[in-house]
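Okay, structure first, notes after.
Every chain is numbered from 1 and lettered A, B, ... according to where its sequence line falls, protein lines coming before strand lines. Side-chain atoms are counted along with the backbone in the values below, which use heavy atoms only and exclude waters and symmetry mates.
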Amino acid sequence: MYALVDCNNFYCSCERVFQPQLLNRPVVVLSNNDGCVIARSEEAKQIGIVMGAPIHLMEGIVRNHQVVVFSSNYTLYGDMSERVMKTLAGFVPQMEVYSIDEAFLDMGRLPYTNLLQLGVAVRETVVQHTGIPVTVGIGPTKTLAKLANRYAKKFHKDLGVHYLANRRLIDQALTATNVKDIWGIGAQYARLLTINGFETAADLAKAPADWVRTNMSVVGLRLLKELNGTPCAPWELEPPKKKNIATTRSFGQVTQDRSLLEEAIANHTATAAAKLRKQGSSARQLQVLIQTNVFRQQDRQYSHQIILELEVPSNDTPELIKYALKGLDLIFRPGYNYNKCGVVMLDLVNDSEAQMGLFDLSNRARGRLLNTALDALNKTYGKDTVQYAVQGFERRYRLKSNHLSQRYTTNFNELLHVWI
DNA sequence: TCTGGGGTCCTAGGACCC
DNA sequence: TCTGGGGTCCTAGGACCC
């Protein structure tokens, strides 16, 4: 049996833990650059705030309902997530952290009748330890656990747990679930399925396998099996190494300034290089991309990307910055209002396997020591404590973040103050 | 004025090899 | 005059996830 534990409106809940006066009020959290809504409290959902919508189109609702708006504070959410995961890990022999706010728990092989109670205990303990409310769905496959979780949110909101303990309960949940709400069914497949007469998960579960294979590839076939109770997804107890590592950002405002793009690219490269080192990888290719704002129809549009082959696989910050700036040089065109840029590390290899170049004369050992020292300092004293000059010091390209809360749990200067 | 960021997997088709 | 077939690798594009 699998349990899918997911934090309710996670980012909003994190903010509320430290500002309990916001309970029962509409709260939203915005994407980077204060652009779109990426998390909503129940109250915000009820007054019609749409997921993913640009906040500037909702000024009316925000004003009329006194919606509390936050910029995203990933330092806080990441730390709260760790605390939740740590609590969950105490309940089961093995678990899989699926995303920042979700985890699959291994509930054992047999359908014990007391799994519902276990789910309730998980929920109570997490809220006691962290203040974050969670929902628990339990079923014989990951897909059914997801489905049970959704069902719990819809029909057992107060209990916050649902257990698909037998055939009848599974059928009931399948029938109550629209195909578009199945894990793995996106907008395209939902349309395809509806056109072909599949309305609910129960309909899909009975679909002919060859039709599913033809129209939805083997991914669909696996989904079909999972809906019918046969697990097809293996446990991923350790997060697998990333195969690509990207750092891209929009600017706070559009710019034509080349030096600003250079600074931004250098910074994104430094960030991506640190991510590479953290997972013990080196890149064989580096992609640089720049683009104008597609929403500004009055502007001439330009977007371009280039992939550079590295002579030797690398995760060395200054070396990668050199490549990235060369890439920028190759694709930059003056006179455009740029809005976004980024770098992607591709074709990653394990550090230990990185092949030395025949003519590679730079002193890699020294470079490694420097990077290690730099990572350690930045970890202890905060990101960008030590950096390269080319990264600039003003962060002139930085994004908007006008509604940022404190880093209550990770920064000594931003602790919550309590007066008694 | 203001529209996120970072990933994964699968398939078809072409290039290439023997 | 007759002009194979099987395998692998790579890439672009499409689908999905949070």
- Just call it for A:Gln253: base, sugar-phosphate, or nothing, with non-hydrogen atoms closer than 4.0 Å on any strand. nothing
- Query: Please give, in whole Å, the distance from B:dT8 P to A:Leu346 CG?
  - Reply: 11 Å
- Parallel, tilted or perpendicular for A:Tyr77 and A:Tyr74, by the 30°/60° rule? perpendicular
- Query: Could you state the CZ-C1' distance from A:Phe10 to C:dC18, rounded to the nearest angstrom?
  - Reply: 12 Å
- Message: C:dC18, OP1 or OP2 - any side-chain N/O from A:Lys146 closer than 4.0 Å?
- Response: yes
- Let me know the distance between CE of A:Met85 and C1' of C:dC18, rounded to the nearest Å. 12 Å
- Message: Between the side chains of A:Lys379 and A:Asp375, is the shortest nitrogen-to-carboxylate-oxygen separation below 4.0 Å, so that they form an ion pair?
- Response: no
Identify all pairs in which a protein N or O lies below 3.5 Å from an N or O of nucleotides 10-16 of chain B, and state each distance.
unit_1 : atom_1 : unit_2   : atom_2 : d
B:dC10 : OP1    : A:Arg222 : NH2    : 2.7

At a cut-off of 3.5 Å, list every protein nitrogen or oxygen paired with a nitrogen or oxygen from nucleotides 3-7 of chain B, distance to 0.1 Å.
unit_1 : atom_1 : unit_2   : atom_2 : d
B:dG4  : O4'    : A:Ser31  : OG     : 2.9
B:dG5  : OP1    : A:Ser250 : N      : 2.5
B:dG5  : OP1    : A:Ser250 : OG     : 3.4
B:dG5  : OP2    : A:Ser250 : OG     : 3.1
B:dG5  : OP2    : A:Lys340 : NZ     : 3.4
B:dG5  : O3'    : A:Thr248 : O      : 3.4
B:dG5  : O3'    : A:Arg249 : NH1    : 2.8
B:dG6  : OP1    : A:Thr248 : N      : 3.3
B:dG6  : OP1    : A:Arg249 : NH1    : 2.6
B:dG6  : OP2    : A:Thr248 : N      : 2.6
B:dG6  : OP2    : A:Thr248 : O      : 2.9
B:dG6  : OP2    : A:Thr248 : OG1    : 2.3
B:dG7  : OP2    : A:Ala246 : N      : 2.6

- The bend of the helix from B:dG5-C:dC18 to B:dC18-C:dG5, taken between the axes of its five terminal pairs at each end and rounded to 10°, is 0°
- Among all residues two or more places apart in sequence or in another chain, which pass the side-chain contact (heavy atoms from CB on, under 4.5 Å) test with A:Ala270? A:Thr317, A:Gln391
Atom pairs and distances, donor-acceptor, side-chain atoms in residues 231-252 of chain A, under 3.5 Å, two or more places apart:
unit_1   : atom_1 : unit_2   : atom_2 : d
A:Lys241 : NZ     : A:Gln279 : O      : 3.0
A:Lys241 : NZ     : A:Asn350 : OD1    : 2.8
A:Thr247 : OG1    : A:Lys275 : NZ     : 3.2

- Message: Does this structure show an ion pair linking A:Glu15 with A:Arg25, if we count only N-O contacts that are shorter than 4.0 Å?
- Response: no
- Residues in salt bridge (charged side-chain N to carboxylate O under 4.0 Å, His left out) contact with A:Arg40, at least two apart in sequence or another chain: none
Extract all donor-acceptor atom pairs below 3.5 Å that involve side chains of residues 153-162 of chain A and protein atoms in other chains or at least two apart in sequence.
unit_1   : atom_1 : unit_2   : atom_2 : d
A:Lys153 : NZ     : A:Asp6   : OD1    : 2.8
A:Lys153 : NZ     : A:Asp6   : OD2    : 3.4
A:Lys153 : NZ     : A:Asn149 : OD1    : 2.7

- Query: With sequence neighbours excluded, what pairs up with A:Ser13 under the side-chain contact (heavy atoms from CB on, under 4.5 Å) test?
  - Reply: A:Asn9, A:Ile132, A:Pro133
- Query: Can you list the residues that meet the side-chain contact (heavy atoms from CB on, under 4.5 Å) rule with A:Ser31, with sequence neighbours excluded?
  - Reply: A:Cys36, A:Ile38
- Task: Compare side-chain N and O positions of A:Arg296 against OP1 and OP2 of B:dC2 and report whether any pair is under 4.0 Å apart.
- Result: yes
- Does A:Thr269 reach the main-chain N or O of A:Ile321 with its side chain, forming a donor-acceptor pair under 3.5 Å? no
- Query: Is A:Glu59 salt-bridged to A:Arg63, going by a charged N under 4.0 Å from an acidic O?
  - Reply: no
- Just jot down the salt bridge (charged side-chain N to carboxylate O under 4.0 Å, His left out) partners of A:Asp106, sequence neighbours excluded, or say none. none
- Message: Going by the rule side-chain contact (heavy atoms from CB on, under 4.5 Å), which residues pair with A:Asp203 if we only count those two or more places apart in sequence or in a different chain?
- Response: A:Phe198, A:Glu199, A:Thr200
- Item | Of residues 177-206 of chain A, the positions that come close to DNA chain C - non-hydrogen atoms, cut-off under 4.0 Å | A:Ile182, A:Trp183, A:Gly184, A:Ile185, A:Gly186, A:Ala187, A:Gln188, A:Tyr189
- Atom-to-atom span, CE of A:Met216 to P of C:dC17 - whole angstrom: 10 Å
